[in-house]
S.K.: 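Sharing a structure with you now.
So that the names make sense, note that chain A is the first sequence line, chain B the second, and so on, each numbered from 1.
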There are 2 protein chains.
Amino acid sequence: MSQRLLINMDQLDIARNISLFSDLTENEKDSLLKEGGIYSYRSKECLFMEGDPIKFLYIVCDGLVQEFRQTADGRELTVNIHKKGDVFCKTEIFLNEGLHNTNAMAIDSAYVMELPIDKFKESLQKHKSVAQRLASSLARFAAMKQIEVEQQATMTSAQILALFLRQTCASHGLDPRGFSLPYKKSLIASRLGMKLETLSRALPKLKEQGITVKGSHVSFTDLKASGLAGLQAAARGNAVKFFPPSRKIREMAHAS
Amino acid sequence: MSQRLLINMDQLDIARNISLFSDLTENEKDSLLKEGGIYSYRSKECLFMEGDPIKFLYIVCDGLVQEFRQTADGRELTVNIHKKGDVFCKTEIFLNEGLHNTNAMAIDSAYVMELPIDKFKESLQKHKSVAQRLASSLARFAAMKQIEVEQQATMTSAQILALFLRQTCASHGLDPRGFSLPYKKSLIASRLGMKLETLSRALPKLKEQGITVKGSHVSFTDLKASGLAGLQAAARGNAVKFFPPSRKIREMAHAS
DNA sequence: CGGAAATTTGAGCAATTTCAACATGGGTGG
DNA sequence: CCACCCATGTTGAAATTGCTCAAATTTCCG
């Protein structure tokens, strides 16, 4: 199924330069990374499926990987789209049963470094910096998901889409004055928890927010805080319903 | 504003028994906890507000604390409701600027142990087990929020509410055959990202799922997998659109 | 140039929100 | 003990928003 991979130093360098390992010495990195291999995946090939045992930490060296879940009602919802330099299955390592609860599939074709988790866990033990950076990354992921919950609850699909486009542009380092979408629209819809039709209908509405989309070509016109305009317009004054923090009387806990 | 607190050993014990510190010796726990104090908060008193500098790790010793955010459009969305034994501001410690991005407010009155973050960070450095448990907890929080995103995208408000009630019942150790709601309905609505009216209208629909709510009294009739019935009914077969995982040809990365 | 996949569009429907009116229910002060 | 009040919750009706289904286009590839 999968293609044989010629060793490609560029791809290995991606793995060497991820921030998770940035405090390791070159030797430490090498001895960890040589435990893993870089694998090549064809378009739509699965890295793992829900219920599979968790064996690796994955580092995307090239291409894109979609991580998604089939929800109870048979829908496919994309948890995340991992791009070059992204590391995934960080969360799962700490979760209970050692089984994947998502599916991962290559979009187009992808090259992925797979690092056995037991080796990775060893390095977590050995190197405090790795553990610390992992925790940061988990915290950031949790905060991101929290914000997504809020967005889904309070924003219209057009607003969510606008934010996603800006964010995508920034995180891929694209030119805000004009770029082409790095993903298919159906993938974006799945990532944003909306239907393709909804996304399609949201696109024209983005003009009001200074985003023009034609086909897969996107350009931001109002380059600064245009995204905020919509939000601010929708904002209403509302009274603060709670007391401000007060001086607290501190009481030592007589431990021991 | 806040009441003076008589030292209460029960409350201190709550803090001593949280799982985050469960691998520490009694001495280690004591020397850490004596750095913090237990504070008393009146109903609706704030522990901190958005934008405040992050100073403490909080451990709820008694009562309830609502953690929430004012969204851009002026709505109030509850991130989490912390109950006795819960620890919060774990995530924030790892995030950038050292400022709170949520508000925390006592519901009714609450007793909260506040542990200076620099002291807590020291113990993270000193005790691997604390760091490990913190990471687990972050991972679990992230997974929970991910599931919430999915629920909001795929489930009806009645289903979401049903899940929340079951979960609440379990996590508070209440009797599923009949208990009263530990929170006000408006708080629940805010927690679930829906309007109070929507929640109110969803309540009668829960009967179909074997949950009876009258006033603030809840009882589960169909005690087993009743919650799944609705989901399964809504489920439809849909074809698998991707390839199963293939054998991969492994290629050693010639690191170094 | 086909044909399949991806996207767009239309029309009707379902769920949630909004706004407004109404009910309930503790608690307080007389 | 009761009348009253304010916070909380419920209900109705209209308006939004997103979803479903179906058909029409467009795009992508060989």
S.K.: Output all residues satisfying salt bridge (charged side-chain N to carboxylate O under 4.0 Å, His left out) with A:Glu148, sequence neighbours left out; order by chain, then residue number.
M.R.: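 Counting only residues at least two positions away or on another chain, A:Glu148 forms a salt bridge (charged side-chain N to carboxylate O under 4.0 Å, His left out) with A:Lys145, A:Arg191.
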
S.K.: Could you state the CE-C1' distance from B:Met155 to D:dG18, rounded to the nearest angstrom?
M.R.: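 My rounded result for the distance is 18 Å.
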
S.K.: In whole angstrom, what separates A:Gln152's CD from D:dT17's P?
M.R.: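 Answer to the nearest Å: 17 Å.
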
S.K.: Would you kindly give the NZ-to-C1' distance between A:Lys214 and D:dT27, to the nearest whole Å?
M.R.: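 Distance check: A:Lys214 NZ to D:dT27 C1' gives 16 Å.
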
S.K.: With sequence neighbours left out, write down each residue that passes side-chain hydrogen bond (donor to acceptor under 3.5 Å, both in side chains) with A:Thr78, or none if nothing qualifies.
M.R.: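 Partners of A:Thr78 under the side-chain hydrogen bond (donor to acceptor under 3.5 Å, both in side chains) test: A:Gln66, A:Ser190.
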
S.K.: Do the side chains of B:Lys195 and B:Arg75 get nearer than 4.5 Å, heavy atoms only?
M.R.: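 Result yes, sub-4.5 Å side-chain heavy-atom pair found.
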
S.K.: Which heavy-atom pair separates A:Met49 from A:Asn103 by the least distance, and what is that distance?
M.R.: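 Between these two residues, the closest heavy atoms are CA-OD1, 3.4 Å.
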
S.K.: Which word best sums up how the rings of B:Phe164 and B:Tyr183 line up, parallel for under 30°, tilted for 30 to 60°, or perpendicular for over 60°?
M.R.: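 Plane angle between 30° and 60°, so tilted.
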
S.K.: Given atom NZ of A:Lys195 and atom C1' of C:dC13, what is their separation to the nearest angstrom?
M.R.: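 So the two atoms are 14 Å apart, to the nearest Å.
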
S.K.: For A:Tyr58 and A:His100, take the angle between the two ring planes, folded into 0 to 90°, and tell me which bin it lands in: parallel under 30, tilted 30 to 60, perpendicular over 60.
M.R.: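 Ring orientation of A:Tyr58 relative to A:His100: tilted.
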
S.K.: Between the protein and nucleotides 6-12 of chain C, are there any N/O to N/O pairs under 3.5 Å, and if so, what are the atom names and distances?
M.R.:
residue: C:dA6; atom: OP1; partner: A:Lys184; partner atom: NZ; Å: 3.1
residue: C:dT7; atom: OP1; partner: A:Lys185; partner atom: N; Å: 2.9
residue: C:dT7; atom: OP2; partner: A:Ser186; partner atom: N; Å: 3.1
residue: C:dT7; atom: OP2; partner: A:Ser186; partner atom: OG; Å: 3.0
residue: C:dT8; atom: OP1; partner: A:Lys185; partner atom: NZ; Å: 2.6
residue: C:dT8; atom: OP2; partner: A:Ser200; partner atom: OG; Å: 2.9
residue: C:dT8; atom: O5'; partner: A:Ser200; partner atom: OG; Å: 3.0
residue: C:dG10; atom: N7; partner: A:Arg201; partner atom: NH1; Å: 2.9
residue: C:dG10; atom: O6; partner: A:Arg201; partner atom: NH2; Å: 3.1
residue: C:dA11; atom: N6; partner: A:Arg201; partner atom: NH2; Å: 3.3

S.K.: Does B:Thr156 put a side-chain nitrogen or oxygen below 4.0 Å from OP1 or OP2 of C:dT16?
M.R.: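 Looking at the OP1 and OP2 atoms of C:dT16, one of them is under 4.0 Å from a side-chain N or O of B:Thr156.
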
S.K.: Separation of A:Leu192 atom CG from D:dG18 atom C1', in whole Å?
M.R.: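 From A:Leu192 CG to D:dG18 C1': 14 Å.
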
S.K.: Select one nucleotide: of D:dC19, C:dA15, C:dT17, the one nearest the side-chain heavy atoms of B:Met194.
M.R.: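 Selected nucleotide (nearest to the side chain): C:dT17.
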
